[in-house]
Structures are given as C-alpha cells and as structure tokens.
Student: 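Have a look at this one.
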Amino acid sequence: MTFNYKSSTDYELLQHISTTPSSTISVAKAYHTEAGNMDVVDRINTCRKVLKQRRILEQLEKLRLETLNYGTIPEQCSTFVAGPE
C-alpha cells in the first residue's frame, strides 16, 4: 500500500520519513512540488528538520555522557587544571 502524504497525520508522516530511505522521500517531495502541493512539501521539510534535530540531540547527549566527569579526575587529563581553591 502506498503511503498517502496528503492525508497522513503529522505523526504518521514523521514516522514514515524516519523509516524510509531519503531518496524515496526526495522523489515524493519532487512529485508534490511539481503537483503544487506545497503544504505537503512544507510538512516533509519540517519532518526532516525534526528528525535532524533529534539526531543532533542524541549525539550531543552521547558526547555529554562521555565527557561528564572529564577534568575532575587528574588521570583523565594530560594537563590537569585545578578548580577554584
């Protein structure tokens, strides 16, 4: 069954875009641009931005956890910077 970009909810569209190859989404976006369905194109663009934001937040959280205690244990640093005394 073909996904219906026009009648899908925002949540359904977000789920669809998150599990579908980007090339497929690009083809759908081009089709809707050509058909003049700019509301659908805007929704696709917004979903892509939301998914990108989620990926960046996941990367940021991973980095935060990796460096959570960095600098507080002298052995972790090549040059230990003492905190305020």
Student: Using atom types as modelled, flag every donor-acceptor pair under 3.5 Å from a side chain in residues 20-28 to any protein atom, sequence neighbours excluded.
Tutor:
residue: T20; atom: OG1; partner: H16; partner atom: O; Å: 2.6
residue: T20; atom: OG1; partner: H16; partner atom: ND1; Å: 3.4
residue: S26; atom: OG; partner: S22; partner atom: O; Å: 3.0
residue: S26; atom: OG; partner: R48; partner atom: NH2; Å: 3.1

Student: Would you mind writing out the side-chain donor-acceptor pairs for residues 30-41 within the sub-3.5 Å range, not counting sequence neighbours?
Tutor:
residue: H32; atom: ND1; partner: N37; partner atom: ND2; Å: 3.0
residue: T33; atom: OG1; partner: K29; partner atom: O; Å: 2.8

Student: Hey, what do you get for SG (C47) to OH (Y11), rounding to the nearest 0.5 Å?
Tutor: 12.0 Å

Student: For the side chain of R54 and the backbone of K49, is there at least one donor-acceptor N/O pair under 3.5 Å apart?
Tutor: no

Student: Side-chain polar contacts of residues 55-62 - donor-acceptor pairs under 3.5 angstrom, sequence neighbours left out - could you list them?
Tutor:
residue: E61; atom: OE1; partner: R64; partner atom: NE; Å: 3.0
residue: E61; atom: OE2; partner: R64; partner atom: NH2; Å: 2.9

Student: Drop me the distance from F3's CZ to Q15's CD, to the nearest 0.5 angstrom.
Tutor: 9.5 Å

Student: Flag yes if more than 12 heavy atoms outside Q53 fall under 6.0 Å of its CD atom; otherwise flag no.
Tutor: no

Student: Roughly how far apart are S18 OG and L51 CG, rounded to 0.5 Å?
Tutor: 5.5 Å

